[in-house]
Structure formats: C-alpha cells, structure tokens
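Below: one structure, written as structure tokens.
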Protein chains: 2
Amino acid sequence: MLQRLNDRTWPVGTNLPHEVQLAEEFQVSRGTVRRALESLVDAGLVERRRKAGTRVVERRAYASTLTIPIVRDEIEQAGYRYGYKLLFSQMGGSDLDTQGLFGEAPLRWVKCLHLRDGRPYQYEDRLINVDTIPEAAEQSFVELSPNEWLVAHVPYSAVRTVLRADLAGGEDIRYLQLRAGDVIFVVERYTALGKQPLTFVRLRHPGHTFQIVTEVDTSC
Amino acid sequence: MLQRLNDRTWPVGTNLPHEVQLAEEFQVSRGTVRRALESLVDAGLVERRRKAGTRVVERRAYASTLTIPIVRDEIEQAGYRYGYKLLFSQMGGSDLDTQGLFGEAPLRWVKCLHLRDGRPYQYEDRLINVDTIPEAAEQSFVELSPNEWLVAHVPYSAVRTVLRADLAGGEDIRYLQLRAGDVIFVVERYTALGKQPLTFVRLRHPGHTFQIVTEVDTSC
DNA sequence: AAGTGGTCTAGACCACGTC
DNA sequence: ACGTGGTCTAGACCACTTC
C-alpha cells in the first residue's frame with residue numbers, strides 16, 4: 001500500500017478500497033489490513049472516517065519529533081565535557097512572564113547554567129510548581145540540574161514548546177558571556193500532568209553554536 | 001495503566017506484569033492489552049523487549065511534532081492576508097551549501113518571498129531535484145509557490161530539519177526589509193523519497209515576528 | 001531452554017456519519 | 001438506513017533474547 005501511495009497509483013484525494021476488499025486482494029485477514037492502515041494514518045499519509053472511507057491526504061504533518069533532552073547527555077554524546085552551575089534559587093517570585101499559567105501556586109525559582117567544555121552552552125531559567133511537585137522544595141539543585149532531576153522523576157502528559165530567535169540581553173551577556181548584538185536561540189517549555197501545571201522553563205543558547213536537528217524516515 | 005504510570009505506582013525502571021497477567025487483571029483479552037501497551041510505547045512511556053518484558057522509561061522523547069506547513073494556510077489561519085512573489089528562478093547552479101546531497105542531479109533553483117499583510121514574512125531559497133521531480137521543470141512558480149505545489153503533489157518519506165538563529169545578511173536585508181543586526185529564524189529542510197533526494201529549502205523569517213509553537217497532550 | 005513480546009486469523013458486534 | 005471504520009475476543013504460532 002505504501003508503494004502505491006509513493007508511486008501515486010493512489011494519488012492525493014483518492015479513496016482506498018475498504019478493509020474487506022484489501023484483505024481479499026492481499027490475501028490476509030482484516031485485522032492485518034487494519035494494522036497496516038493504522039500505521040499509514042500514524043505516518044500522516046491517509047485519513048480515515050467511518051462510512052466515508054480511507055482517503056489519501058497531502059503530506060505535510062508528522063515531519064519531525066522534538067525531544068526534551070537531558071542537557072548533560074546532549075553535550076556528552078557530542079563528545080564534549082559537561083559542566084553545571086547553579087546561579088540562583090529561591091521560593092516564589094519571578095520576573096518570568098508566566099501568563100498566569102500557575103495561578104496562585106507556590107513556586108520554586110531556579111536559574112542555572114550548563115557548560116560545554118567549560119563554556120556557557122545553555123542558560124536555564126525555571127519555575128517549578130511546588131504544589132504538584134513537593135519534592136522539588138527539598139532538592140538543592142547544587143549538584144543535579146533541575147532538567148535532569150525532573151526528567152528522571154516527574155511524569156508529564158502535556159507539553160507546549162515555543163522556539164524563537166532573540167537578541168542577547170543583560171543576563172545573556174553576563175551569564176552566556178556574549179556581546180550586545182549577539183544572537184540567542186530561545187526554547188520555552190511548559191509542561192503539565194493532566195490539568196496540573198508542573199514547570200515552565202526558558203532556555204537560552206548562544207545562537208552561533210546551537211541548532212536543533214531532527215530526522216525522520218518512514219521509508220518503505 | 002496510564003494512571004499507574006502517572007501516580008508512580010509503576011515508577012521509572014519498573015517492569016510491568018506481562019500481557020497475559022494484565023489481561024486477567026483487567027478482564028480483557030490479550031489483544032486489547034497489547035493495543036493499550038502499544039499506545040504507551042508510542043507515547044514514549046514504556047519500552048518493550050521480548051523476554052525482557054515491558055519497562056517504564058524516563059519521559060523525555062516524543063515531546064512535540066513539527067509539521068511542514070503550507071505557508072499560505074499558516075498566514076491565513078492566523079487571520080492575515082497572504083501574498084506571494086517569485087524573486088528568481090533558473091535551472092542549475094546555486095550558492096546554497098547542499099553538502100553534496102544531490103550529487104550530480106540537475107536542479108531547479110527558486111527564490112521567493114511569502115508576505116503577511118503585504119510585509120515580508122518568509123524568504124524561501126530552494127533547490128528541487130528535477131531527476132526525481134521532472135514536473136518541477138515545467139512549473140513556473142509565478143502564481144503558485146514551490147512550497148504549496150510540492151506539498152500537494154510530491155510524496156516524501158524522509159525529512160531532515162535544522163532550526164537555528166542567525167543575524168540578517170545581505171539578502172535578508174534586501175528581501176525581508178530588515179536592518180543589519182536584526183535577528184533571523186532559520187529553518188532548513190531536506191526531504192527525500194527512499195534514497196532519492198527531492199528538495200532542499202532554506203527558510204528565513206524575521207526573528208521579531210516569528211516563532212514555532214507546538215503542543216502535545218497525551219492525557220489520560 | 002523457556003519466557004516474553006510479535007504477528008496473524010476468523011469471527012462478532014458496535015458506532016459513527018454520510019447518503 | 002446502511003456502509004464504513006472501530007473495538008473486542010479466543011486462539012494459534014512465531015521469533016527474539018535473556019537467563
């Protein structure tokens with residue numbers, strides 16, 4: 001079926017035969033046809049609706065998958081030495097614009113720096129909801145970064161990610177050792193478990209050393 | 001099962017009971033348990049290996065999905081007016097660094113501009129492999145952008161995406177009407193069908209008006 | 001070697017949404 | 001109303017990989 005989609009035997013807009021017909025044609029059971037069709041849906045190649053049937057769609061979605069990396073692994077796997085420094089930690093307050101995401105919940109506010117071969121790689125500015133993650137109040141984050149601790153311990157179900165480019169500002173210049181006019185790559189991430197807010201983080205990378213690369217291959 | 005993962009009845013590192021046991025416990029058939037477990041694998045919550053069993057993993061992968069948008073839709077759905085202008089088109093050559101991705105294949109080289117409410121929104125610099133997409137030689141791309149035409153007509157199976165931040169250079173300043181020192185958000189995308197290269201594109205957006213937002217919710 | 005997940009079958013019934 | 005996809009079952013057998 002994938003081959004027929006790729007060689008445009010079934011071009012965009014076509015309806016495929018229904019499950020029972022496909023099962024007969026390929027001499028397999030309906031269940032097997034279903035699993036195959038489901039994987040085509042997952043790959044974003046067709047869409048299915050009851051009664052309407054299975055339709056070939058334009059290929060655009062499902063291009064790439066972003067991950068929440070452990071910065072340490074990211075750096076070490078690239079063959080560099082990882083370093084970490086806690087810059088700041090307190091309960092409550094923050095100049096981050098959280099747009100009321102956390103309501104009145106008590107927050108832990110942490111700033112830290114991830115280093116690659118001793119040089120600033122990422123400046124992390126984070127808020128943690130102590131209502132939903134009470135253990136976060138006891139963590140010092142002196143040795144272990146919030147990033148690493150959270151990924152290891154706290155499950156989430158919803159993520160919102162924003163990627164953008166920015167110019168280096170005051171804290172970037174100080175912590176990331178940049179100059180005014182330098183470029184910053186910003187990742188903001190907000191995670192929740194169900195409707196409970198967990199954490200919001202703003203990650204700032206020197207633009208000249210950082211990029212996100214994703215690869216996907218859904219080949220035949 | 002999702003609930004047990006979220007409330008850490010089954011914490012990271014645990015092995016789940018095997019399929020037959022779960023089937024008995026939840027009073028369903030093994031097939032049903034399997035489908036549920038498969039969706040947990042897709043969500044990146046567990047990993048499974050024969051004989052070794054089903055294991056709870058750290059939650060980091062599978063955060064967000066990037067799409068290959070049709071720029072027109074992206075702009076119009078945000079409530080703006082879309083505009084398009086072909087800047088340049090020829091066969092062969094290019095100053096883009098394609099790192100030998102296309103080998104000796106004949107290429108179509110196109111530059112164009114996507115406008116939002118009359119203002120430059122995205123500067124597109126693209127190479128199309130005419131060996132694998134011969135129809136691309138006949139398209140003028142005067143009315144219809146390569147982006148739109150390709151998404152509608154050409155299936156792909158592999159995508160490589162690079163996201164980064166940059167400073168505005170010569171062409172950005174001219175086409176995107178920016179000033180030296182302004183920030184650019186760059187998306188580079190390379191697509192292929194199997195091992196056949198299809199197209200490489202570099203998209204440049206004014207950094208102050210552009211960001212990528214992705215949301216995922218795998219809630220209970 | 002044994003135990004786990006992986007694949008397949010044949011059949012039943014359900015539920016949605018288009019016609 | 002009816003045709004399509006969606007869900008479930010009970011069972012068989014296979015294939016990998018760890019013990």
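We use all heavy atoms of the structure for the numbers below, so side chains are in, but hydrogens, waters and symmetry mates are not. Naming: A, B, ... by sequence-line order, numbering from 1 per chain. No experiment lies behind these values; they were computed from the predicted model shown.
Contact annotation: B:Thr32 side-chain N/O to D:dT9 OP1/OP2 distance is under 4.0 Å. Side-chain nitrogen and oxygen atoms of B:Thr54 include none within less than 4.0 Å of the OP1 or OP2 phosphate oxygen of C:dT4.
For B:Arg8, the CZ atom counts as densely surrounded, since its 6.0 Å shell holds more than 12 non-hydrogen atoms of other residues, nucleotides or ligands.
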Mark up nucleotides 10-19 of chain D, 5' to 3', with B wherever a protein heavy atom is under 4.0 angstrom from a base atom, S wherever such an atom reaches only the sugar-phosphate, and - elsewhere. --B--BBBB-
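Here D:dG6 presents its P atom at 9 Å from CG of A:Leu37, a figure rounded to the nearest Å. Rounded to whole Å, atom C1' of D:dT4 lies 14 Å from atom CD of A:Glu47. Summarising the geometry, the separation between CG on B:Leu40 and P on C:dG6 is reported as 13 Å, rounded to the nearest angstrom. For the pair A:Glu19 CD and C:dC14 P, the computed distance is 18 Å after rounding to whole Å. The CZ atom of A:Arg34 sits 14 Å away from the P atom of D:dT4 (whole-angstrom rounding). Per the geometry, CD belonging to B:Glu38 stands 7 Å off P belonging to C:dG6, to the nearest Å. One atom, CD of A:Gln21, and another, P of D:dG5, lie 9 Å apart when rounded to the nearest Å. Rounded to a whole Å, the CZ atom of B:Phe26 is 14 Å from the P atom of D:dC8.
One end of the helix from C:dA1-D:dT18 to C:dT18-D:dA1 points its axis 20° away from the other end's axis, with each axis taken from 5 pairs and the angle rounded to 10°.
By the side chain to side chain donor-acceptor pair (under 3.5 Å) test, A:Ser89 is found to be paired with A:Arg108, residues two or more places apart in sequence or in another chain being considered.
Taking the side chain as every heavy atom from C-beta outward, A:Tyr121 and A:Leu115 never approach each other to under 4.5 Å. At a threshold of 4.5 Å between non-hydrogen side-chain atoms, the residues A:Arg204 and A:Asp125 do not count as touching. Proximity of A:Arg48 to A:Glu19: side-chain heavy atoms (C-beta onward) are separated by under 4.5 Å at one or more points. By the 4.5 Å heavy-atom criterion applied to side chains, B:Val130 and B:Met91 are counted as neighbours.
In summary, the side chains of A:Thr199 and A:Arg126 do present a donor paired with an acceptor at a separation below 3.5 Å, with no hydrogens or angles considered.
The line from CD of A:Glu135 to CD1 of A:Ile128 is 10.5 Å long, rounded to the nearest 0.5 Å.
A:Asp117 places a side-chain N or O within donor-acceptor distance of the main-chain N or O of A:Arg81, the cut-off being under 3.5 Å.
Both A:Gln27 and B:Pro17 sit near DNA chain C, but only B:Pro17 has its closest nucleotide nearer the 5' end.
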